[in-house]
Amino acid sequence: MPLYQDQTIQIYNTLSGQKEVFKPIEDGYVGMYVCGPTVYSNVHLGNVRTFMSFDMVFRYFKHLGYKVRYVRNITDAGHLENDADAGEDKITKKARLEQIEPMEVVQRYTVDFHNILNTLNFLPPSIEPTATGHIIEQIELIKTIIDNGFAYEVNGSVYFDVHKFNETNNYGILSKRKLEDLIHNTRALDGQSDKKNPQDFALWKRAEPQHIMRWPSPWSDGFPGWHLECTAMSTKYLGDNFDIHGGGMDLKFPHHECEIAQSEAAKGLSPVNYWMHANMLHLNGQRMSKSTGNTVNPDELLSGNNDFFSKAYIPSVIRFFNAQSSYRSILDLTDDGLAASEKGFFRLMDAINALDHLETNNTSTFDVTKWRQKCYDAMNDDFNSPILIAHLFEAAKQINQIKDGNASLTSEDLTLLKNTMYDFTFDVLGLVNVSKTDTGTDKLSGAVELLIQLRQEARANKDFALSDKIRDELAEKGIQLNDGKDGTTFTTN
RNA sequence: GGCGUCUUGGCCGAGUGGCUAGGCAGAGGUCUGCAAAACCUUCUACAGCGGUUCGAAUCCGCUAGACGCCUCCA
């Protein structure tokens, strides 16, 4: 029997503004779409945070035994610099600046994106469609929207008629805006003369002669609008009405609002049952922003080659740091915060690695079954990973108590504890086990063992000058000796 | 200006109308020749003011501050 039958998940739905019991459209199946990156530059860490949060959601659904179809797109065309008619496609612009083909831009940064996500131990999505691979679907969608009277063509471009749509539907339902307010507050941009109203958005743009990325359509040689891509790709693979749509908080308006409008205009129904939005990542108290230089790339964080952090951090520490806060909270990335997470992460790993060497007993002093359900309860409550981690640390404390002989578990309970720890730490949180007491190569290990032995002899002879010299000089070379009850071990850093 | 969010102990970060979050740091202890590491124990909270309530950090209002979206943005 799959686990999900025993667990009730609550999801905070942006659409309703509250937590709702998750009920998939089809029992046992979950359809989830997340807006992927626009591949016009190196993916930045804030970007990664959103995907990391949804990677965890994906992992949890899978762990519960759901069959999940997780679609995360690659935006490789159509994403404009701004909404004005003069707005340039981001990828085209980059190609022009670097004097290469747009598809070279796309290829370069798609590869970069995948490399980073692999390094950070992401699970690949079920389908990763590209916008350029779904031009036909987008054209068909536009035709339908025009036929239904919610879009109009001007000079080869097609725009969505927001005012018309709002007469029968609710434009602003997701972002809690009123069209009236938008009308009063829309900044007047130059070059918007093609649109009936500034609130209208492009479904198809006619390409200027110098524009390389272009496809034929009934209206002009041109390219699709950004909002349209996600509607075309999500509904193609998940159906006209699917379970979950995720993305960054900043996409709520206008991007996701427009997706709803497009779907309703084309199919007559709301596309998504649960809208999930991940909050922003800050860097030292400020929003990451390329324009102010307040940004750090994942590879810079992993290599330590940056101006913000005192050292390099391994991928699992970054994942752990992220999981220690709620996906719905703003998370501030700081050196202190990462360093604190690093220590906690290694402490947790040490406890997990100790599981293999625990002795069992006839009685258990710790209710493992109850604890296990608390772990599920945490994740069931809108994927509350910080609470889950608190429970994992509670288990870590128990493990240490058992090690010290102050607590005990039956072998049955120990197996349950171990399996649960593994499930949540590695499968759900996506952490990778790193033993801090990794002894490195055999050669190194042998040499250090010899030195440890010599030091033991020196200590036995009360030659502390020699023993301390061995300890200190090894430390200088990055080898830390740890004196314990059962002898001395070493760690490298 | 419009709409919305947030303000928790030294730091990060959960949460609930009355019952321990957790991590890091600090303090004390165990261990040790000493130290480090490891482990155990432990002190600091709920922006301010007013209201509802037997009881509020948790609900409501006001004030102050921070932030997000409204233009591209995960």
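All chains are named by letter (A, B, ...) in the order of the sequence lines, taking the proteins before the strands, and each is independently numbered beginning at 1.
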Sequence neighbours excluded, the answer for side-chain hydrogen bond (donor to acceptor under 3.5 Å, both in side chains) partners of A:Thr110 is none

task: Give one of base, sugar-phosphate or nothing for A:Ser467, where a contact means two heavy atoms less than 4.0 Å apart.
output: base

message = Quiz question: going by heavy-atom distance under 3.5 Å, is there a donor-acceptor pair between the base of B:C34 and the side chain of A:Arg471?
response = yes

Check: For the residue pair A:Tyr171 and A:Phe165, does the interplanar ring angle fall in the parallel (under 30°), tilted (30 to 60°) or perpendicular (over 60°) class?
Finding: perpendicular

Would you indicate what A:Lys462 reaches in the nucleic acid, counting non-hydrogen atoms under 4.0 angstrom: base, sugar-phosphate, or nothing? nothing

Readout for nucleotides 20-27 of chain B: B = base within 4.0 Å of protein heavy atom, S = sugar-phosphate only, - = neither; 5' to 3' it is -BSSSS--

- prompt: Does A:Tyr40 have A:Arg108 sitting over its ring (NZ/CZ under 6.0 Å from centre, angle to axis within 45°)?
  reply: no

### Query
Under 4.0 angstrom, heavy atoms only, what part of the nucleic acid is A:Ser329 near: base, sugar-phosphate, or nothing?
sugar-phosphate

Original post:
Given A:Arg455 and A:Asp468, is the salt bridge (charged side-chain N to carboxylate O under 4.0 Å, His left out) satisfied, shown in steps?
Top reply: CA-CA 8 Å; A:Arg455 177 164 167 270; A:Asp468 289 354; 5.3 Å; no

Item to complete: Determine the interplanar angle of the A:Phe426 and A:Tyr422 rings, folded into 0 to 90°, and report it as parallel if under 30°, tilted if 30 to 60°, perpendicular if over 60°.
Response: perpendicular

**OP:** Answer yes or no as to whether B:A74 has its base stacked against A:Phe51, where stacking requires a ring-centre separation under 5.5 angstrom and planes under 30 degrees apart.
**Re:** no

From CG of A:Asp332 across to C1' of B:C12 the rounded distance in Å is 9 Å

- [ ] Tell me whether the guanidinium CZ or amine NZ of A:Arg328 lies under 6.0 angstrom from the six-membered ring centre of A:Tyr12 and within 45° of its axis.
- [x] yes

Practice prompt. Check every strand shown and say whether A:Leu281 touches a base, only sugar-phosphate, or nothing at a heavy-atom separation below 4.0 Å.
Written response: base

Report yes or no: is there a donor-acceptor pair, N or O only, under 3.5 Å between the side chain of A:Asp468 and the base of B:G33?
yes

As its Watson-Crick or G-U partner within any shown strand, both distances under 3.5 Å, B:G22 has B:C12

Self-check item: Sugar-phosphate only, base, or nothing, as touched by A:Arg177 at under 4.0 Å among non-hydrogen atoms
Solution: base

A:Asn400 (side chain) and B:A38 (base): donor-acceptor pair under 3.5 Å
no

